[in-house]
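What follows is a set of notes on a single structure, which appears directly below.
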Amino acid sequence: MFTLSKGFVINPPNLCTTSLLNLLSVIPHNLPAQPKVVAVTSNGVTADYHKSIPCRAKGFYALISVPHADKLGMEKVIHWSAGWLEDSWKDGNPEAHILPQGWESRLGGRAGWLKSIVVVRSAILTDGEEAAKYKAGEDLSGQWTVSRRDVAHFISNDVLRNWSKWEGKAVSVGY
């Protein structure tokens, strides 16, 4: 849905965050081998990435601020669950309607238990064809769009086949 005051809106506003919390809450922490978890968020969620957005694109990013708040909630859950250094989290806390107080207890109350995770931060998704000419890596900037098919290609043909290369990382993908 689109509103003039909020841009694009999802209902409920924490759909992705809640879904991730539900999924992670049923994974036992004492498994000998954890299931592989791939979470797709957005490269426009983090504060560092926002600094690199060109002025002509900032208006569009304002229109997707509500879905991005949900993706920020996902990133916070992943960051805590994976035990990524707390001082590296500089993106603030998601609002309470996205990530309610006490959410950590749903995940067993112990940070750092999730090791088998890859975060795929896609550029702005398009309905384009699969071209397999995207760039992927940590700390990429200047990647503004990517087709949904190419994100799927990256996950199925690179992330899942080369799990040890990507495990425990947040990776941007785009053109």
Side-chain angles (χ1 to χ4, degrees), residues 7-8 10 14-17 19-21 23-24 34-95 98-99 111-112 114-175:
F8 291 96
I10 56 174
N14 62 347
L15 178 65
C16 297
T17 302
S19 298
L20 181 64
L21 281 170
L23 171 71
L24 296 181
Q34 292 182 342
K36 295 175 181 173
V37 177
V38 178
V40 179
T41 67
S42 173
N43 65 6
V45 172
T46 64
D48 284 343
Y49 193 85
H50 267 277
K51 293 175 189 172
S52 71
I53 297 172
C55 288
R56 65 184 186 278
K58 288 192 187 279
F60 178 75
Y61 276 84
L63 293 175
I64 58 175
S65 63
V66 173
H68 270 186
D70 188 21
K71 299 295 189 184
L72 181 65
M74 286 180 66
E75 292 261 353
K76 179 68 176 180
V77 169
I78 293 164
H79 194 93
W80 181 86
S81 298
W84 295 346
L85 296 175
E86 191 61 35
D87 59 349
S88 68
W89 179 261
K90 50 189 163 205
D91 294 300
N93 288 315
E95 297 176 26
I98 299 293
L99 194 56
L114 181 64
K115 302 302 179 199
S116 191
I117 179 83
V118 175
V119 177
V120 176
R121 293 178 175 155
S122 68
I124 295 171
L125 294 169
T126 68
D127 289 330
E129 295 297 317
E130 180 185 309
K133 295 184 182 197
Y134 48 82
K135 293 180 183 176
E138 295 179 274
D139 302 319
L140 284 183
S141 62
Q143 313 304 309
W144 306 114
T145 63
V146 67
S147 74
R148 287 173 176 84
R149 291 178 184 191
D150 274 337
V151 173
H153 181 273
F154 172 64
I155 292 169
S156 62
N157 289 296
D158 198 349
V159 172
L160 295 176
R161 290 183 181 172
N162 301 299
W163 188 256
S164 61
K165 175 182 176 183
W166 300 112
E167 184 177 29
K169 296 180 180 172
V171 183
S172 295
V173 60
Y175 313 123

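Just so it is clear, the values below take in all heavy atoms, side chains as well, and ignore hydrogens, waters and symmetry mates.
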So does [Y] get a backbone contact from the side chain of [X], meaning a donor-acceptor N/O pair under 3.5 Å?
{"X": "D70", "Y": "C16", "answer": "yes"}
{"X": "T17", "Y": "I98", "answer": "no"}
{"X": "K169", "Y": "K165", "answer": "yes"}

Heavy-atom closest pair (K71 atom, T41 atom, distance to 0.1 Å) is CD-CA, 3.8 Å
For residues P94 and G73, report the shortest heavy-atom separation together with the two atoms involved. CG-CA, 3.6 Å
With sequence neighbours excluded, residues passing side-chain hydrogen bond (donor to acceptor under 3.5 Å, both in side chains) with E130: none
Working for side-chain contact (heavy atoms from CB on, under 4.5 Å), residues V146 and I124: CA-CA 6 Å; V146 67; I124 295 171; over 6 Å; no
Check each of V171, D150, V40 against I155 using the side-chain contact (heavy atoms from CB on, under 4.5 Å) test, and report the only one that passes. V40
Hey, are the side chains of [X] and [Y] touching, using non-hydrogen atoms and a 4.5 Å cut-off?
{"X": "V173", "Y": "V120", "result": "yes"}
{"X": "S19", "Y": "L23", "result": "no"}
{"X": "L160", "Y": "V38", "result": "yes"}
{"X": "L114", "Y": "Q34", "result": "yes"}
{"X": "V118", "Y": "V37", "result": "no"}
{"X": "L99", "Y": "L21", "result": "yes"}
{"X": "E75", "Y": "R121", "result": "yes"}

Which distance, rounded to the nearest 0.5 Å, do you find between the [atom1] of [X] and the [atom2] of [Y]?
{"X": "L72", "Y": "N93", "atom1": "CG", "atom2": "CG", "result": "8.5 Å"}
{"X": "T126", "Y": "R149", "atom1": "OG1", "atom2": "CZ", "result": "10.0 Å"}
{"X": "D127", "Y": "S147", "atom1": "CG", "atom2": "OG", "result": "9.0 Å"}
{"X": "I78", "Y": "L24", "atom1": "CD1", "atom2": "CG", "result": "7.5 Å"}
{"X": "K76", "Y": "L20", "atom1": "NZ", "atom2": "CG", "result": "14.0 Å"}
{"X": "E95", "Y": "N14", "atom1": "CD", "atom2": "CG", "result": "11.0 Å"}

Determine whether more than 12 heavy atoms belonging to other residues, nucleotides or ligands lie under 6.0 Å from atom NZ of K115. yes
Would you please say whether a donor-acceptor pair under 3.5 Å links the side chains of Q143 and S172? no
Inter- and intrachain pairs under ring pair (Phe, Tyr, Trp, His ring centres under 6.0 Å), touching residues 152-175, at least two apart: Y134-H153, Y134-F154, F154-W166
Presence of salt bridge, K36 and E167, under 4.0 angstrom: no
